[in-house]
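One-based numbering, in listed order, for ligands and for the atoms of each.
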Amino acid sequence: MQSEHNRPRWDPRVELGLPEPLGAVIDGEWSGTDAAETLCVRDPADLREIAVVAEGDADQVDGAVRSAEKAYRGAWRAADATTRGRILTALADTIRSHAETLARLETVDTGKPLSQARSDVETSARYFEYYAGVADKILGDTLPQPAGSFAYTVREPYGVVAHVTPWNSPLSQMCRGLAPSLAAGNTVVVKPSEVTPLSSLVAARLFAAAGLPLGVCNVVPGRGPTTGAALVAHPLVRHVSFTGSVATGREILRSAAAGIVPCNLELGGKSPTLVFPDADLDAAARAGAMAVVRNSGQSCFATTRLIVHRSIHDAFVERVRAHVGRLSVGHGLDDPDLGPLASAEQLDKVVGYLDAAREEGARVAIGGSRPGGAPAGYFLEPTVLVDVANGMRVAREEIFGPVQSVLSFDTEDEAVAMANDSDYGLAAGVFTGSLSVAHRVAARLEAGQVQVNKYPAGGVDTPFGGYKKSGIGREKGLEALLHYTQLKTVIIELS
Ligand code: NAD
């Protein structure tokens, strides 16, 4: 546990000159700062207040959506695809030129170590860079027709797209959906998590200053059941992109069903990694440790079921223990390996899973407690559980904390069956020295993404999304553009 005393306080209100309370960002300006309800935002590492945010009410949401609708019919429609691409490039540039500030903001808001926050900021810039390059390459088809007739398709934007995002990587989650939405010609209203609203608000101001036409990206902070629900149900919202839990995803679908509005849902995961006897055990063990490092395990695609061949089980567990034993925990600004969890609620939930695991017969190989000498923050030791069976709660439910579980298998069929015996299907890993095992198992795994011999792998260009309860639709890559456009077919009688 690193000391907080060596570190000068980094207060976003002072560093960025932020108003108090922070309101929504509509038409590039702060708005609604006189709202009746406010939310206190705290640094989860030391519980110091870092901002007060005004909660967006239904009027605020309506104002944000109407502004986005006006921009959609006005400035953004007038911007041709090449112009949109150039503006997206400018947004990538502005993120990079404010990278250190955005990273520090993300660190004090989410608790994540500075290096991870810097990497998230760079990923955010990459989303704009990537989709800037495809804005003028969103193509249609010509369709073979009988003589005298001509037909073609065009992909058109929806209009206003609502983005509702979670608290683990707020800036990169926002940019992941924002960049393809804007490239395709939509405008957006973002509702960031009430736990971590700061980087989304600050980024919206930076985007307006960098030349994004006013109203194209508005951000309204607030709680889910109030601000979020009002946004998703707004009659001018034509598409919803949601990242978060399965329970909220269900609510979003219900609301969208009333308005017949299409949805992208990026939900939770319980991603397995299969480790075969011929695998590079160190690489697999590193992947197992990374699952608890990234965002302190608060990552949807974290591989949290290591399904290991019985013949290498003990040697493998030793390697994972060694990796995890070297990890440091501390305040994100000191850049340790792990920061705190994002909230008291999340810490309680994860501790509850550890209790359940012990009761069900799992054994703690390392970790399992709150670190000694921890200050007030929501810290938990990185933990590895062994003797885990696939029926236990820790193997079935998403923990979203620094907890790794090791299970064992005897045959390939058994390994695949265990991996697929889950409500989730977001991602899966395979570690093997055999190309045929890799391809055969990848084909049999029920997951939206399979990562072989490296985990995590992939970037902004590799489509991402879930099978089963992990979601509907895909983000990232060219695939995302299919979700942020609708197809029009034009048939012309030539005679
Ligand atoms: P959450 O579902 O509690 O909240 C997500 C967002 O939804 C927040 O902004 C919240 O305010 C809002 N919300 C809550 N109720 C709402 C309602 N009734 N109407 C509209 N909006 C509402 O999720 P969380 O706890 O913030 O995030 C953790 C979850 O997110 C985990 O399950 C994790 O796996 C998932 N996640 C998925 C991905 C992915 O890409 N698949 C990425 C990150 C996180």
Side-chain angles (χ1 to χ4, degrees), residues 39 53 55-56 58 61 109-110 112 120 123 127 162-177 189-197 200-201 219-234 237 240-256 258 261 263-271 291 294-304 341-350 397-401 422-427 447-449 456 458 460 462-476 480 483:
L39 305 165
V53 175
E55 180 163 41
V61 168
D109 204 3
T110 63
K112 71 176 63 189
D120 282 5
T123 300
Y127 281 121
H163 287 270
V164 180
T165 57
W167 41 255
N168 55 346
S169 294
L171 184 67
S172 73
Q173 299 290 350
M174 168 168 121
C175 296
R176 185 181 74 181
V189 179
V190 181
K191 206 298 283 174
S193 167
E194 54 273 44
V195 182
T196 56
S200 304
L201 291 165
V219 177
V220 187
R223 276 173 274 248
T226 47
T227 315
L231 174 60
V232 171
H234 195 290
V237 166
V240 175
S241 171
F242 170 74
T243 305
S245 62
V246 172
T248 309
R250 244 184 227 114
E251 290 298 314
I252 301 271
L253 271 183
R254 271 196 202 100
S255 170
V261 173
C263 287
N264 267 22
L265 299 181
E266 292 290 338
L267 308 178
K270 194 72 209 177
S271 301
R294 206 185 133 77
N295 303 335
S296 297
Q298 301 165 115
S299 177
C300 54
F301 64 90
T303 180
T304 51
L341 297 175
S343 65
E345 189 190 357
Q346 192 58 23
L347 177 63
D348 287 349
K349 188 178 149 199
V350 179
E397 298 175 23
E398 186 182 46
I399 299 174
F400 229 54
S422 172
D423 288 342
Y424 294 107
L426 191 56
Q449 200 173 70
V460 303
T462 46
F464 180 75
Y467 280 26
K468 301 192 266 187
K469 289 202 174 65
S470 288
I472 299 173
R474 293 293 176 269
E475 298 288 355
K476 302 188 178 186
H483 298 289

Which atoms of ligand 1 have any heavy atom of [X] under 4.0 Å away?
X      : value
Glu398 : 31 (C), 32 (O), 33 (C), 34 (O)
Val164 : 6 (C), 7 (O), 9 (O), 12 (C), 21 (N)
Phe400 : 28 (C), 31 (C), 33 (C), 34 (O)
Arg176 : 40 (O)
Gly268 : 32 (O), 34 (O)
Lys191 : 8 (C), 9 (O), 10 (C), 11 (O)
Pro192 : 9 (O)
Ala229 : 19 (N), 20 (C)

Worksheet item: Can you tell me if Phe301 has a non-hydrogen atom under 4.0 Å from ligand 1?
Response: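 Judged by the 4.0 Å heavy-atom criterion, Phe301 does not count as contacting ligand 1.
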Worksheet item: Any heavy atom of Gln298 sitting closer than 4.0 Å to ligand 1?
Response: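 Heavy atoms of Gln298 never come under 4.0 Å of ligand 1.
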Worksheet item: N/O to N/O below 3.5 Å, does that happen between Trp167 and ligand 1?
Response: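 Indeed, backbone or side chain, Trp167 has an N or O that close.
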Practice prompt. Consider every N or O of Thr248 and every N or O of ligand 1, then say whether any pair is closer than 3.5 Å.
Written response: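 Min N/O separation from ligand 1 is below 3.5 Å for Thr248.
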Between [X] and ligand 1, which residue portion shows a heavy-atom distance shorter than 4.0 Å: side chain, backbone, both, or neither?
X      : result
Ala247 : neither
Asn168 : side chain
Leu267 : backbone
Glu475 : neither

Heavy-atom side-chain proximity of [X] to [Y] below 4.5 angstrom:
X      : Y      : answer
Gln173 : Asp120 : no
Val237 : Leu231 : yes
Trp167 : Glu194 : no
Lys469 : Leu267 : no
Val460 : Arg176 : no
Leu426 : Gln449 : no

Fill in: Test log, rule side-chain contact (heavy atoms from CB on, under 4.5 Å), inputs Ile472 and Cys263
CA-CA 8 Å; Ile472 299 173; Cys263 287; over 6 Å; no
Protein contact of [atom] - nearest heavy atom, named by residue and atom, plus distance:
atom                    : value
atom 39 (C) of ligand 1 : Cys300 SG, 3.2 Å
atom 6 (C) of ligand 1  : Thr165 O, 3.4 Å
atom 23 (O) of ligand 1 : Ser245 N, 3.4 Å

Worksheet entry | Closest candidate by heavy atom, reference atom 35 (C) of ligand 1, pool Pro166, Gly244, Gly224, Ser172 |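 Result: the heavy atom closest to atom 35 (C) of ligand 1 is in Gly244.
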Item to complete: Identify which of Gln173, Lys476, Glu194, His163 has a heavy atom lying nearest to atom 10 (C) of ligand 1.
Response: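 Heavy atom nearest to atom 10 (C) of ligand 1 belongs to Glu194.
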Worksheet item: Stepwise, does the side-chain contact (heavy atoms from CB on, under 4.5 Å) test hold for Val220 with Val189?
Response: CA-CA 7 Å; Val220 187; Val189 179; 4.1 Å; yes
Worksheet item: Going by atom types only, do Lys112 and Ser169 share a side-chain donor-acceptor pair under 3.5 Å?
Response: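 Yes, a side-chain donor-acceptor pair sits under 3.5 Å.
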Worksheet item: Any chance the side chains of Gln298 and Thr110 put a donor and an acceptor closer than 3.5 Å?
Response: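 No donor-acceptor contact under 3.5 Å links the two side chains.
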Discussion item. For Arg474 and His483: C-alpha separation, side-chain torsions, deciding distance, then whether side-chain contact (heavy atoms from CB on, under 4.5 Å) applies.
Written reply: CA-CA 7 Å; Arg474 293 293 176 269; His483 298 289; 3.9 Å; yes
Worksheet item: How far apart are the closest heavy atoms of Leu265 and Gly249, and which atoms are they?
Response: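 Scanning both residues, the minimum pair turns out to be CD1-O, 4.0 Å.
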Worksheet item: Quick check: does any side chain N or O of Glu475 sit under 3.5 Å from a backbone N or O of Ala480, one acting as donor and the other as acceptor?
Response: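 It does not hold such a pair.
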